[in-house]
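Small disclaimer: the values here were computed from a predicted structure and weren't measured. Sequence positions, counted from 1, serve as the residue numbers for this chain. Hydrogens, waters and symmetry mates play no part in the numbers below; they use all other heavy atoms, side chains included.
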Amino acid sequence: MSTVAQVLAVAIAVMLAVVFVMESFLYRHPRLYPMFLTKPGDFDAVRLWTVNMGWYNLTTAIALVAGVVLVRTDHLPQGEALIIFTAAQHTFMAVVLVVSQPKLWVNAILEGVPAAILLALALN
């Protein structure tokens, strides 16, 4: 797996870790209302999905980093499998996001484009 793909995997992992913090701990912040399409009256109703999605994103970030570590420690097939699965998963999820909520098209681009590039790099 190319160094570029590994660097992109780590960059995506960092992005997912930031999203984890926003979703799990900062989802009530007014600056994030547009990102999550929330308003103060929704907080109790959306807490479950925002927190769960946050932790999901953290575990996905860990999987990407673990994949890179495996690739760099001569466990190439295992590392590539983690990276390819995660990239494919987030590419697919970006499509689902924009189809289910077109207003979140920017979020879908931020999630899907880097993942699709990583997937293409990892499969070459």
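If you chain together hydrophobic residues whose side chains sit under 4.5 Å apart, Leu64 and Leu58 never meet in one group. A chain of hydrophobic side-chain contacts below 4.5 Å, direct or via other Ile, Leu, Val, Met, Phe, Trp or Tyr residues, connects Leu8 to Leu16. Hydrophobic clustering, with ILVMFWY side chains joined whenever heavy atoms are under 4.5 angstrom apart, keeps Ile84 apart from Leu121. Put simply, Met93 and Val95 are part of two different groups of oily side chains (I, L, V, M, F, W, Y) that touch within less than 4.5 Å, one to the next. Hydrophobic clustering keeps Met22 apart from Val14 (ILVMFWY residues linked when any side-chain heavy atoms are closer than 4.5 Å, directly or through intermediates).
Shortest non-hydrogen contact noted between Ala13 and Ala61 is O-CB, 3.3 Å. Looking at every heavy atom in both residues, Gln6 comes nearest to Met1 through NE2-O, 3.0 Å.
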Check the pair Phe25, Phe20 against ring-ring contact (aromatic ring centres under 6.0 Å, His included), reporting the backbone distance first and the verdict last. CA-CA 8 Å; Phe25 303 107; Phe20 154 71; 5.6 Å; yes

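The CG atom of Leu123 sits 9.0 Å away from the CD atom of Glu80 when rounded to the nearest 0.5 Å.
A donor-acceptor contact shorter than 3.5 Å is absent between the side chain of Ser24 and the backbone of Val21. Counting only distance, with no hydrogens or angles, the side chain of Gln78 and the backbone of Leu70 share no donor-acceptor pair below 3.5 Å. For the pair Thr86 (side chain) and Ile83 (backbone), a donor-acceptor distance under 3.5 Å is absent.
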Which donor-acceptor pairs under 3.5 Å do the side chains of residues 103-116 make with protein atoms, sequence neighbours left out?
{"from": "Asn107", "atom 1": "ND2", "to": "Met35", "atom 2": "O", "distance (Å)": "3.0"}
{"from": "Glu111", "atom 1": "OE2", "to": "His90", "atom 2": "ND1", "distance (Å)": "2.7"}

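Residues Phe92 make up the rest of the hydrophobic cluster containing Val96, defined by ILVMFWY side-chain heavy atoms closer than 4.5 Å, directly or through other members.
Side-chain contact between Glu23 and Val51: absent, with no pair of heavy atoms (C-beta onward) separated by less than 4.5 Å.
With sequence neighbours left out, Asp74 forms a salt bridge (charged side-chain N to carboxylate O under 4.0 Å, His left out) with no residue at all.
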